[in-house]
Every structure is written in C-alpha cells, then in structure tokens.
Q: 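The structure under discussion is supplied below as structure tokens; questions concerning it will follow.
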Amino acid sequence: MPIFRWGSALDAFRDLEREVDRWVRGVDIVFENPRFGQPFPSLNLYEIGDEYLITAELPGCAAEDLDLSVANGIVTIRGTRIAPGEIPEEHYRRSERSSGNWERAISVPERIDDDQIRAELTDGLLKLSLPKAPSAMRKQIHIAGGKSATKEIGQQENQDD
Amino acid sequence: MTEDIPIPDTDSGSGNDVEPQKWVRTPPIDIFETEAGLVLRADLPGVSSENLELQVQDNRLTLFGRVTPTDIEGAVLMHQEYQQGDFLRSFILSDDVDHDRISARMTNGVLEVTLPKVSRTQPRKISIQTD
C-alpha cells in the first residue's frame with residue numbers, strides 16, 4: 001500500500017505547514033516574555049476604508065512627552081521613557097520595562113493627507129488616524145456622452161453655457 | 001529580606017488558538033526598593049483605572065487589567081507587532097510587606113503599587129530566668 005498518493009501529497013504538505021505555523025506561534029509566546037529584540041513602541045497598523053490607523057503602546061507617556069511629525073509619507077514618533085537615573089540601579093530588584101529615548105519612523109503605504117491627521121493618547125495607548133490623500137483614493141471618472149464630430153461642429157455656436 | 005518571586009500565570013496565553021481575541025499577556029514590570037518598602041510598576045497600555053483589578057489573597061498579589069479592544073468595523077490589520085489582550089500577572093509577597101497598607105495608582109497606562117514594609121516595633125529584651 002502506498003504511503004503517499006499523488007492526490008494527497010499536497011494535503012500532507014498543508015498539514016506540515018499548519019504544524020510549523022503552530023510551532024512558530026509557540027516560539028512567539030516564549031519570546032514575548034523577555035521582549036526579545038522588540039522595537040519600542042509596539043504598533044499595529046490598520047486600514048479602515050479611506051483611512052489608516054496606527055495604534056502604539058506607549059505606557060507611561062503623557063501627550064506632552066511625545067513628538068509627532070510627518071513628512072513625505074513617513075510618520076515619526078519620538079519620546080523619552082522613564083528618565084534613566086531616576087532610581088539608582090542598585091535599588092532595582094527586577095527591571096523589565098524599557099527605558100531611555102526612542103524613535104520610530106513608519107512609512108505609510110499610500111499618500112496621506114498631512115493636514116487631516118488626528119492623534120489621541122489614552123491610558124498609554126496612542127491612536128493615530130491618517131486619512132488617505134484625495135489623490136490616493138480611487139476616483140470615479142465621469143464619461144461625457146460623446147457626440148459625433150460632424151454634429152459638434154454645427155452645435156458649437158449655440159452651445160455657449 | 002525574603003525574595004518576592006513574581007510568578008506569571010502559565011495557564012494563560014497557551015492552549016487553544018481558536019479564539020485569537022482572548023489573548024492574555026504578561027506585562028513587563030519593575031520592582032525597586034525605597035526607604036519605605038518596595039514599589040512595583042507595570043506597563044498596562046490601554047487599561048484604565050476602572051478596568052484594573054488588584055487583589056491580595058494569601059500572600060499573592062494579582063493584577064488583572066482589562067483592555068477594551070479597538071474593534072473597528074471594516075478594519076483590515078496590515079501590520080501587527082502586538083496582540084490585543086488583557087494583562088495578567090501575579091506575585092508572591094514577602095512577609096515584610098504590610099498587606100493592609102498597600103496602595104496603587106494608574107497613570108497613563110502604568111500601574112504603580114506601593115508595598116510598604118511592616119513597621120517593626122523596637123526590639124524588646126527578654127529577660128532570662130535561671131532556675
């Protein structure tokens with residue numbers, strides 16, 4: 001009896017793929033705890049209709065600690081976390097939270113309307129709404145009903161509206 | 001001073017990956033000593049003070065922060081660096097901590113728990129009687 005049949009060969013591959021996926025996800029869980037090489041802040045990017053939404057986790061940040069700027073489709077967020085030296089190092093029993101200066105630049109996939117950007121910071125969670133620029137949005141082009149060339153010549157004089 | 005061993009709950013996070021919305025995350029923490037005792041700080045972005053539960057039971061301090069998910073209709077996730085989920089972590093308190101005077105406050109998504117030391121009374125000399 002054959003172990004692999006041609007018909008089921010792909011299914012076996014799919015099973016393997018699923019297995020590897022699960023394994024990789026398991027590794028993610030393991031590495032989430034020591035925050036292994038994770039950039040700060042962590043952010044998610046969503047597309048909602050004609051707008052992009054960036055959410056960033058900025059615990060401990062007040063609005064005045066943040067510096068937000070945009071140029072050429074690149075959004076830059078920078079700030080300072082936990083002033084170093086606030087608490088002497090030898091007093092720490094455990095130190096897992098990141099500290100110091102940070103900066104992140106996010107390039108947005110499409111052109112955005114720089115003047116319409118909205119930002120909101122609540123409980124250490126930043127929500128940045130970036131509406132797409134009108135030129136980046138799909139535009140419906142109106143097609144005028146064509147008239148035959150010969151008729152147009154005759155109508156041109158009395159069609160001054 | 002006895003060590004306080006933070007024990008992240010292991011029964012969370014892993015297991016069924018059927019419901020990705022139900023993620024439970026372990027928040028990063030700092031613990032440092034002050035004159036009065038210990039101070040614990042935890043990063044809980046997206047958790048407001050009314051969505052935070054903090055309880056002490058049998059020497060175990062548990063913090064649970066509920067995150068209101070930013071579910072927006074028609075939103076397509078294009079890039080993801082963090083999972084949305086509630087925060088859970090628990091710690092074993094040492095006997096030095098005065099359980100009745102524990103206080104906490106939330107500022108910009110950071111929880112600060114003050115764990116004061118038990119105020120020791122002056123050492124009392126015990127006279128030893130001889131038979």
Side-chain angles (χ1 to χ4, degrees), chain A residues 21-22 25-26 28-30 32-35 38-66 81-82 86-99 104 106-110 121-127 129, chain B residues 1 3-6 8 10 12-15 17 20 23 25-35 38-52 65 67-84 87 89 91 94 106-112:
Chain A
D21 263 2
R22 208 193 344 241
R25 217 170 302 143
D28 269 355
I29 293 164
V30 171
E32 203 208 19
N33 289 343
R35 271 119 209 126
Q38 270 199 12
F40 184 88
S42 316
L43 43 92
N44 287 352
L45 173 67
Y46 303 86
E47 187 180 8
I48 311 156
D50 50 9
E51 205 169 82
Y52 288 105
L53 173 73
I54 294 173
T55 58
E57 293 195 313
L58 292 165
C61 267
E64 57 266 24
D65 302 333
L66 272 182
R81 272 211 73 170
I82 320 168
E86 189 202 337
I87 293 127
E89 207 141 299
E90 64 269 20
H91 286 202
Y92 274 100
R93 292 270 202 98
R94 212 158 236 274
S95 176
E96 298 171 358
R97 299 163 69 226
S98 48
S99 62
R104 281 205 77 176
I106 310 126
S107 71
V108 183
E110 273 176 76
L121 183 69
T122 328
D123 299 320
L125 196 71
L126 176 74
K127 284 180 189 167
S129 300
Chain B
M1 216 181 235
E3 267 296 309
D4 45 343
I5 314 137
T10 42
S12 56
S14 58
D17 45 6
W23 268 75
R25 306 161 67 190
T26 307
I29 55 142
D30 281 356
I31 298 173
F32 57 88
E33 280 170 58
T34 61
E35 291 277 297
L38 292 170
V39 174
L40 184 150
R41 282 183 187 158
D43 282 346
L44 306 168
V47 178
S48 59
S49 53
E50 55 265 27
N51 286 334
L52 180 80
V67 175
T68 338
T70 45
D71 272 340
I72 301 138
E73 199 135 324
V76 182
L77 186 59
M78 303 185 78
H79 175 78
Q80 186 176 37
E81 288 174 0
Y82 69 90
Q83 292 275 354
Q84 276 190 44
F87 291 100
R89 197 158 176 178
F91 314 90
S94 74
M106 276 294 273
T107 329
N108 297 323
V110 176
L111 168 74
E112 185 174 296

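Sequence lines set the chain letters: A, B, ... in the order given, protein chains first and strands last, and positions in each chain run from 1.
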Q: Highest number of heavy-atom pairs under 4.5 Å with chain A: which of B:Ala75, B:Ala42, B:Gly74?
A: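 Answer, by heavy-atom pair count under 4.5 Å with chain A: B:Ala75.
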
Q: How long is the straight-line distance from CD1 of A:Ile87 back to CD of B:Glu33, given to the nearest 0.5 Å?
A: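 So the CD of B:Glu33 and the CD1 of A:Ile87 are separated by 12.0 Å.
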
Q: Heavy-atom pairs under 4.5 Å with chain B: which of A:Glu57, A:Lys127, A:His91 has the most?
A: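 Between A:Glu57, A:Lys127, A:His91, the count favours A:Glu57.
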
Q: Test A:Ile54 against B:His79 for side-chain contact (heavy atoms from CB on, under 4.5 Å), laying out the working first.
A: CA-CA 9 Å; A:Ile54 294 173; B:His79 175 78; over 6 Å; no

Q: Please check if atom CD in A:Glu90 has more than 12 non-hydrogen atoms from other residues, nucleotides or ligands closer than 6.0 Å.
A: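 Atom CD in A:Glu90 is crowded, with more than 12 foreign heavy atoms closer than 6.0 Å.
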
Q: Please report the interatomic distance CG(A:Leu43) to CD(B:Gln80), rounded to the nearest 0.5 Å.
A: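 Rounded to the nearest 0.5 Å, the CG-CD separation comes out at 11.0 Å.
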
Q: Which atom pair, heavy atoms only, marks the closest approach of B:Asp43 to A:Pro59?
A: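 That closest heavy-atom pairing would be CG-CG, 3.5 Å.
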
Q: Is it the backbone or the side chain of A:Leu58 that comes under 4.5 Å from a heavy atom of chain B, or both, or neither?
A: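 Just the backbone, heavy atoms under 4.5 Å.
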
Q: Taking the side chain from A:Asn44 and the backbone from B:Tyr82, do they hold a donor-acceptor pair closer than 3.5 Å?
A: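 Indeed, once roles are kept as given, a pair shorter than 3.5 Å links the two residues.
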
Q: Verify, without hydrogens or angle tests, whether B:Asp30 (side chain) and A:Glu96 (backbone) share a donor-acceptor contact under 3.5 angstrom.
A: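 Looks like yes, one N/O pair under 3.5 Å.
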
Q: Using a 4.5 angstrom heavy-atom cutoff, name the option from B:Leu44, B:Val76, B:Thr34, B:Val110 with the most pairs to chain A.
A: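 With the most close heavy-atom pairs to chain A, the winner is B:Val76.
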
Q: Atom CG of B:Leu77 and atom CD1 of A:Ile48: how far apart are they, to the nearest 0.5 Å?
A: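 Output value for this atom pair is 10.5 Å.
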
Q: Show your working on side-chain contact (heavy atoms from CB on, under 4.5 Å) between A:Asp123 and B:Ser48 and close with a plain yes or no.
A: CA-CA 6 Å; A:Asp123 299 320; B:Ser48 59; 3.2 Å; yes

